[in-house]
Structures are given as C-alpha cells and as structure tokens.
Amino acid sequence: MRWVLVEAAGRILPEVRESLGVWTVEQLEGRGIEVYLSTTVKTFEGGHIVLSDGTEFDSDTVVWNAGVKANPVLANSDLPIDSRGRVTCTAAMRVVDVPEVWSAGDCAAVPDLSRTAEDPTATCTPNAQHAVREARLLAKNIMTAMRGGTPKDYYHKSVGSVASLGIHTGVADTFGVKVKGYPAWLMHRGYHISRMPTFNRKVRILLDWLVAGVFRREVVALGQINDPKASSTWPPGADGDDTLRVRVRLRRVVGDLA
C-alpha cells in the first residue's frame, strides 16, 4: 500500500514551531509515506493524480482536507465582511457599525487582542477553542448590554498547541517548550478529554481508549468508497433500496490549549 501526502504550503502543522513540523515529516517518511511540500494537485480525474511539479501516479482513494471557510450567505447580506468573508466585529463581538447585531465563531472576524500589538489586523482563528470561549462571553455581553452595562472585550492568549500523529505519537508546543513522541501524544489525549462536557462522557471516552489500548484495532468497512454520492441518496428508496444510508465523516483534530 502506498501513501502520499501533498501539502500546498512549505511545511505541515503550522500550529506548532517549524522544527516540530520538520520532525513530523521525518516520522511520516520513516513510515514509508511520501511527502510533497509546496505542491498542489492539478487534477485527479479517473483516479490518475497529476501534481504541480509534474509527478503523476494512480490512486484508488483520494482524501481532500480543506480549510475553514465562512458561510457564503454572508456575502449576500448587508453586514460588513472582511477579505475572508467573515463578519467584521469589535473585540466585544458586536458587528462593526451595527451595534445591535452580535457575532461569534467561525463566521466572525473578532480581533485577537493577544496579537494585535504585533499585527493590528490579527483576528481569532476560526476553531472550536475560540468559538466555545467566545460563546460564553457573548451570552454575558448581551445580557450586560440589555441591562445598560458595558460589554467586555474578548481576550484569549493560547499557551500552545498539541497534535496527534497516530498511535502513541504526537507533537506539542506549550509554554514555549516543544514535546514530541509518546509524551506529546498523552498530552493531546489528556487535553481533549478535559474539554469533554460532563463527567459521564469523560469516563466513557477514557474507558473506550483504555479498551482500545488492550485489544487490536477494529476493522471498519467504508461502504460505497468508490461512489461517495451513492451513500447519500435521499430520500430512502430513491435508488431502489429502502435502507437508510448513513455517512461517516473522519476528521483530524489539532488542539489549541487553554
């Protein structure tokens, strides 16, 4: 089996320092994975891949990982938006020039006060870590404004990032200290379980991880892998099959520490 990773940027894992990104590439190549940096995919028609550097090869499975993009409906609104299509907000999460409208999360361009000193145009990264914290303050700010008070500005300074690179391997860049390998993997797991809501869910996830560490990994069949649209036929029965089809989405998680 051949694995090929194509990255348009000149490095991978921009969330951590460059040396950890280089170490990660070395680990991937050590596992037999081919890594192409500063390279894009020109075409992948009929399972034939053509890269921007002229490399060509055939592939049975193509996985595309795209970045976060604001909802395009915002472009058709009368709200002020930035160059990335996000609603322009103040640090208190009020929409600029429309103080009665509030916004937070992936579609909001909230100034990142922890970085504006070095970059006046810096805005918060569209990720879950910021969105959850913004939501808490946003609810309080709305209540404060309704009572005639002054809303607080959103401020969060990240202490670093962690990323899992598979079983028992990871990288972490926290408090200015870089960690890699098994310790970083444990930090990644520990951080994410600490972010899970309710004690009940934390215990269930921890038990699932412990069991997975004792037994071999399960073999999962991805049905309709060569015809993805067939698995999303709606309504049920439209293709002659009355079975409701369920799609499974796999995702990679990079954690931004509190």
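Each residue takes its place number in the sequence, starting with 1. Only heavy atoms go into these numbers, but all of them, side chains included; no hydrogens, no water, no symmetry mates. Worth saying up front: this structure is predicted, and the values here are computed from it rather than measured.
- T55 and D53 share a side-chain donor-acceptor pair at under 3.5 Å.
- Between L51 and V41, the shortest heavy-atom distance links the atoms CD2-CG2, 3.8 Å.
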Quiz item: Could you go step by step and tell me if I12 and V25 meet the side-chain contact (heavy atoms from CB on, under 4.5 Å) rule?
Solution: CA-CA 8 Å; I12 64 174; V25 170; 3.7 Å; yes
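- With contacts defined as side-chain heavy-atom distances shorter than 4.5 Å, the pair M146/I142 qualifies.
- A donor-acceptor pair shorter than 3.5 Å cannot be found between the side chains of N127 and T125.
- Both V62 and V4 are part of a single hydrophobic cluster, where members link through side-chain heavy atoms under 4.5 Å apart.
- Note that NE2 of H130 and CG of D112 are 5.5 Å apart. Values are rounded to the nearest 0.5 Å.
- At least one test fails for R31 against the ring of W3: distance under 6.0 Å to the centre or angle within 45° of the axis.
- In this structure, V95 is not a member of the same hydrophobic cluster as L138, with clusters built from ILVMFWY side-chain heavy atoms closer than 4.5 Å.
- A single hydrophobic cluster is not seen to contain both V110 and V98; linkage of ILVMFWY side chains at heavy-atom distances under 4.5 Å, directly or through other members, places them apart.
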Exercise. For the pair V162 and V171, evaluate side-chain contact (heavy atoms from CB on, under 4.5 Å) and give the outcome as yes or no after the intermediate values.
Key: CA-CA 6 Å; V162 292; V171 292; over 6 Å; no
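- Side-chain N or O atoms of N141 include one that pairs as donor or acceptor with a backbone N or O of K152 at under 3.5 Å.
- R2 is listed as a side-chain neighbour of F57, based on a closest heavy-atom distance under 4.5 Å.
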Exercise. Decide side-chain contact (heavy atoms from CB on, under 4.5 Å) for V179 and W185; before the verdict, give the C-alpha distance in whole Å, the side-chain angles of both, and the deciding distance to 0.1 Å.
Key: CA-CA 9 Å; V179 184; W185 179 81; over 6 Å; no
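- Checking side-chain atoms of E7 against main-chain N and O of L37 turns up no donor-acceptor pair under 3.5 Å.
- Two residues are said to be in side-chain contact when any heavy atoms from C-beta on lie closer than 4.5 Å; L137 and D153 fail this criterion.
- Annotation for E100: atom CD counts as buried by contact number, over 12 foreign heavy atoms lying within 6.0 Å.
- Distance check: C107 SG to K69 NZ gives 11.5 Å after rounding to the nearest 0.5 Å.
- Heavy atoms only, all atoms of each residue included: R201 and P197 are closest at CB-O, 3.2 Å.
- Taking the centre and axis of the six-membered ring of Y154, the NZ or CZ atom of R133 falls outside the cone set by 45° and 6.0 Å.
- T40 has its side chain out of reach of V6: every pair of non-hydrogen atoms, C-beta onward, lies at least 4.5 Å apart.
- In this structure, a donor-acceptor pair under 3.5 Å is absent between the side chains of R84 and T123.
- Y191 has its side chain out of reach of R189: every pair of non-hydrogen atoms, C-beta onward, lies at least 4.5 Å apart.
- Contact check for I49 versus E56: no side-chain heavy atoms found under the 4.5 Å cut-off.
- Under 4.0 Å is where a charged nitrogen must lie from a carboxylate oxygen, and between R11 and E18 no such pair does.
- In this structure, NZ in K202 is found 7.0 Å from OG in S194, a value given to the nearest 0.5 Å.
- In this structure, M187 and T174 have side chains that are in contact, with non-hydrogen atoms separated by less than 4.5 Å.
- The structure places NE2 of H188 at 9.0 Å from CG of L165, a figure rounded to the nearest 0.5 Å.
- Closest of all the heavy-atom pairs between P80 and V96 is CG-O, 3.4 Å.
- In this structure, the separation between NZ on K157 and CG on L113 is 12.0 Å, given to the nearest 0.5 Å.
- The minimum heavy-atom distance linking S103 with V87 is given by the pair OG-CB, 4.2 Å.
- Around atom CG of D119, more than 12 heavy atoms belonging to other residues, nucleotides or ligands sit under 6.0 Å away.
- Contact record, R86 with A108: NH1-O, 3.6 Å, taken as the closest heavy-atom pair.
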Exercise. Give the C-alpha distance, both sets of side-chain angles, the deciding distance and a yes or no for side-chain contact (heavy atoms from CB on, under 4.5 Å) between L20 and L13.
Key: CA-CA 8 Å; L20 289 176; L13 293 179; over 6 Å; no
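- Here CZ of R204 is found 14.5 Å from CE of M196. Values are rounded to the nearest 0.5 Å.
- Tracing side-chain contacts under 4.5 Å through hydrophobic residues (I, L, V, M, F, W, Y), one never reaches V132 starting from M93; they form parts of separate clusters.
- Cluster annotation: L207 and F199 are assigned to the same hydrophobic cluster (Ile/Leu/Val/Met/Phe/Trp/Tyr, side-chain heavy-atom contacts under 4.5 Å, transitive).
- Side-chain contact between F44 and S59: absent, with no pair of heavy atoms (C-beta onward) separated by less than 4.5 Å.
- The heavy-atom pair separating A145 from R94 by the smallest distance is CB-NH2, 3.6 Å.
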